[in-house]
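Nothing here was measured: the structure is a model prediction, and the numbers come from that model.
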Amino acid sequence: MSGPGRSPGIDGGHPGAIGEMDLRVRALESVLVEKGYVDPAALDEVIDTYETRVGPRNGARVVARAWVDPGYRDWLLTDASAAIASLGYTGRQGEHMVAVENTPTRHNLVVCTLCSCYPWTVLGLPPTWYKSAPYRSRAVRDPRGVLADFGVRLPPDTEIRVWDSTAEIRYLVLPLRPVGTEHLDEEDLAALVTRDSMIGAGLPREPESVGA
């Protein structure tokens, strides 16, 4: 793996690579800013909100609550939309949620083969690789290989289930709680939850990695 959220098998690992859609968006943004239709500061504020404040911190809090509260965990797995909304996280592309739980014998991976449906309210902005054609095709054909590209190497007997997100249903992976975190409170646990772990393309951080 060539860096956080990047994989040679997914997007070529070229840190300067920019997709055609990204180029078009940047060109349109430049024109709108030049003509005075868009305030760059306001645009940056919106992006920062979805990247760092709206999510994926919201999703991390959902996962941490499920880790410490068995009743909430059961609710999340039964009716994720309601359980997530109960914490105040509702809105754009987060209305129809389904939570799938990782276990010692099963690992879940989320992809959107037709587009890039993504629960912004819970996970923030989707990473570039999630929207790429190579990820969307390989995740279905070779999920174990994709996970290995991201540094996630599972035992051979672990079942890998791939969930195809759509405009009607969006998925949240409930990752396994890291071993040795029994002493941590909900806030500390939330710090261990990564965006990638809630898509299934990664694992939660280990306690020592964040000084917990």
Side-chain angles (χ1 to χ4, degrees), residues 4-5 49-111 117-127 130 139 143-144 146-147 150-155 157-163 165 169-212:
T49 295
Y50 275 102
E51 283 187 334
T52 63
R53 283 176 277 166
V54 172
R57 294 183 183 180
N58 292 351
R61 293 187 182 101
V62 169
V63 170
R65 177 65 58 86
W67 281 347
V68 301
D69 185 339
Y72 182 80
R73 169 191 165 277
D74 292 344
W75 186 17
L76 180 68
L77 296 174
T78 302
D79 187 350
S81 297
I84 293 170
S86 73
L87 298 183
Y89 309 140
T90 60
R92 182 177 178 83
Q93 298 196 36
E95 303 89 346
H96 310 292
M97 297 291 300
V98 171
V100 291
E101 183 180 28
N102 285 351
T103 72
T105 59
R106 175 183 294 173
H107 185 91
N108 297 284
L109 179 66
V110 179
V111 66
C117 293
Y118 195 83
W120 289 21
T121 307
V122 182
L123 298 183
L125 294 175
Y130 183 84
R144 192 175 294 273
V146 167
L147 289 172
F150 280 102
V152 179
R153 291 174 173 80
L154 303 171
D157 58 347
T158 299
E159 176 192 5
I160 300 176
R161 296 196 63 179
V162 180
W163 301 87
S165 186
I169 300 177
R170 295 172 177 85
Y171 294 94
L172 169 71
V173 174
L174 177 58
L176 278 170
R177 179 171 175 171
V179 176
T181 59
E182 296 77 11
H183 64 293
L184 300 182
D185 60 20
E186 192 171 325
E187 182 177 353
D188 289 335
L189 287 170
L192 304 180
V193 183
T194 66
R195 176 203 61 199
D196 288 4
S197 72
M198 294 183 283
I199 304 171
L203 300 174
R205 301 182 181 95
E206 295 300 324
E208 58 270 18
S209 68
V210 294

Smallest separation among heavy atoms of [X] and [Y], with atom names:
{"X": "L109", "Y": "A201", "result": "CD1-N, 3.8 Å"}
{"X": "T158", "Y": "H107", "result": "CG2-N, 4.0 Å"}
{"X": "Y89", "Y": "T121", "result": "C-CG2, 3.8 Å"}
{"X": "G124", "Y": "Y118", "result": "O-CE2, 3.1 Å"}
{"X": "C117", "Y": "Y130", "result": "O-OH, 3.1 Å"}
{"X": "P175", "Y": "V173", "result": "CD-O, 3.0 Å"}

Inset, instruction - Can you measure from CE (M97) to CZ (R170) and round to the nearest 0.5 angstrom? - result: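 Separation between the atoms: 8.5 Å.
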Inset, instruction - Nearest 0.5 Å please: distance from the CG atom of L172 over to the CD1 atom of I84. - result: 5.5 Å
Inset, instruction - Please lay out, stage by stage, how L76 and D74 fare under the test side-chain contact (heavy atoms from CB on, under 4.5 Å). - result: CA-CA 5 Å; L76 180 68; D74 292 344; over 6 Å; no
Inset, instruction - For the pair Y171 and W163, name the ring-plane relationship: parallel under 30°, tilted 30 to 60°, perpendicular over 60°. - result: tilted
Determine whether [X] and [Y] make a side-chain contact, defined as any pair of heavy atoms from C-beta on separated by less than 4.5 Å.
{"X": "L174", "Y": "V100", "value": "no"}
{"X": "M198", "Y": "V63", "value": "yes"}
{"X": "P204", "Y": "V193", "value": "no"}
{"X": "R195", "Y": "I199", "value": "yes"}
{"X": "L192", "Y": "P178", "value": "yes"}
{"X": "R205", "Y": "T194", "value": "yes"}
{"X": "L184", "Y": "W67", "value": "no"}
{"X": "S81", "Y": "D79", "value": "yes"}

Legend entry - Basic-acidic side-chain contact under 4.0 Å: E101, R73: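 A salt bridge is present here (some side-chain N lies under 4.0 Å from a carboxylate O).
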Inset, instruction - Can you establish whether the number of heavy atoms outside E187 located under 6.0 Å from its atom CD is more than 12? - result: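 No.
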Legend entry - Donor-acceptor contact below 3.5 Å, side chain N102 vs main chain L176: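 No, N102 side chain to L176 backbone: no donor-acceptor pair under 3.5 Å.
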Inset, instruction - Would you sort out whether R177 and L189 count as a side-chain contact (heavy atoms from CB on, under 4.5 Å), showing the intermediate values? - result: CA-CA 9 Å; R177 179 171 175 171; L189 287 170; 3.7 Å; yes
Legend entry - Step-by-step side-chain contact (heavy atoms from CB on, under 4.5 Å) determination, R153 to L147: CA-CA 7 Å; R153 291 174 173 80; L147 289 172; over 6 Å; no
